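All figures in this text were calculated on a predicted structure; none of them were measured in a lab. Quick note: numbers below take in every heavy atom, side chains included, and nothing from hydrogens, waters or symmetry partners.
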Amino acid sequence: MSEDQDVGRAAAPRRRAPRKPQVPAPGHTRIAWYWRLPDFDDARAAYLADWQCDERERIRGPEKFAAWIGRALSRFAELTPQERAARVERPPAEGITGGSRSFEVPDGDLAAMRKAMREDREAGLWTSDSGWVAGAIATAVEAARTRAGGTLPTPPTRLASSYRHRFDES
């Protein structure tokens, strides 16, 4: 077909290759929660602050953000239902945007969360997964802020996939 015959003909749409299903690492489950943008930014900052404190104290803490989230879930699950209830309440989200984010969380941390949520329901406390996770993250953020001396670092727009501890290299 000549060039002048092709004028006005719409190009065929490009087909995308089908996405490969994301398979979680062994011992992990991919799960998504709704995050308010300020909560997500605070969590990333707290993760970096905890990483810096771990590095100074030569503690091998989570090197990946998802592992930090898992640790926050497990630590929150260790609280009593009444202690968790006091931390899950949040002000209304007027004017605050957010979205769903998914992470591969260690199975043990997710199991601790599910067990704690069952205990909460038995105590008459009904919280959504997202609300429960928000309480866990808020608790971890405050603990990180305290450990860091009251100020959290400003996280980059996008975290690296992991931050390796360097104290073994010297």
Which heavy atom of [X] sits nearest to which heavy atom of [Y], and what is that distance?
X: Ala112; Y: Ala77; value: O-CB, 3.5 Å
X: Gly131; Y: Ser128; value: N-OG, 2.9 Å
X: Ala136; Y: Ala72; value: CB-O, 3.9 Å

To the nearest 0.5 Å, tell me how far [X] [atom1] sits from [Y] [atom2].
X: Tyr34; Y: Asp39; atom1: OH; atom2: CG; value: 9.0 Å
X: Leu73; Y: Thr139; atom1: CG; atom2: OG1; value: 11.0 Å
X: Trp51; Y: Leu159; atom1: CH2; atom2: CG; value: 12.5 Å
X: Asp41; Y: Arg36; atom1: CG; atom2: CZ; value: 13.5 Å
X: Lys64; Y: Phe103; atom1: NZ; atom2: CZ; value: 13.0 Å
X: Met113; Y: Ile69; atom1: CE; atom2: CD1; value: 11.5 Å

Using a 3.5 Å cut-off and no angle test, enumerate the donor-acceptor pairs between side-chain atoms of residues 23-30 and protein atoms at least two apart in sequence or in another chain.
{"residue": "His28", "atom": "ND1", "partner": "Pro26", "partner atom": "O", "Å": "3.1"}
{"residue": "Thr29", "atom": "OG1", "partner": "Asp107", "partner atom": "OD1", "Å": "2.6"}
{"residue": "Arg30", "atom": "NE", "partner": "Gln22", "partner atom": "OE1", "Å": "3.2"}
{"residue": "Arg30", "atom": "NH1", "partner": "Ser102", "partner atom": "OG", "Å": "3.0"}
{"residue": "Arg30", "atom": "NH2", "partner": "Glu104", "partner atom": "OE2", "Å": "3.4"}

Quick one: does [X]'s side chain get under 4.5 Å of [Y]'s, heavy atoms only?
X: Trp33; Y: Ser130; value: yes
X: Asp50; Y: Trp68; value: yes
X: Arg87; Y: Phe76; value: yes
X: Leu152; Y: Val141; value: yes

Could you tell me which residues satisfy salt bridge (Lys or Arg N to Asp or Glu O under 4.0 Å) with Arg121, sequence neighbours excluded, listed by chain and number? none

Is there a path of hydrophobic side-chain contacts, each under 4.5 Å between heavy atoms of I, L, V, M, F, W or Y residues, that connects Ile137 with Leu125?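 Per the 4.5 Å side-chain linkage, Ile137 and Leu125 are not co-clustered.
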
Is the closest basic N to carboxylate O distance between [X] and [Y] below 4.0 Å?
X: Glu142; Y: Arg145; answer: yes
X: Asp129; Y: Arg114; answer: yes
X: Glu122; Y: Arg118; answer: no

Stacked cation flag Arg101 on Phe40, 6.0 angstrom / 45 deg: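 Yes.
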
Taking only residues two or more places apart in sequence, or in another chain, which ones meet Asp120 in a side chain to side chain donor-acceptor pair (under 3.5 Å)? Arg84, Trp132

Test your reading of the model: is there a side-chain donor-acceptor pair from Arg44 to the backbone of Pro156, 3.5 Å cut-off?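 A pair under 3.5 Å: yes.
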
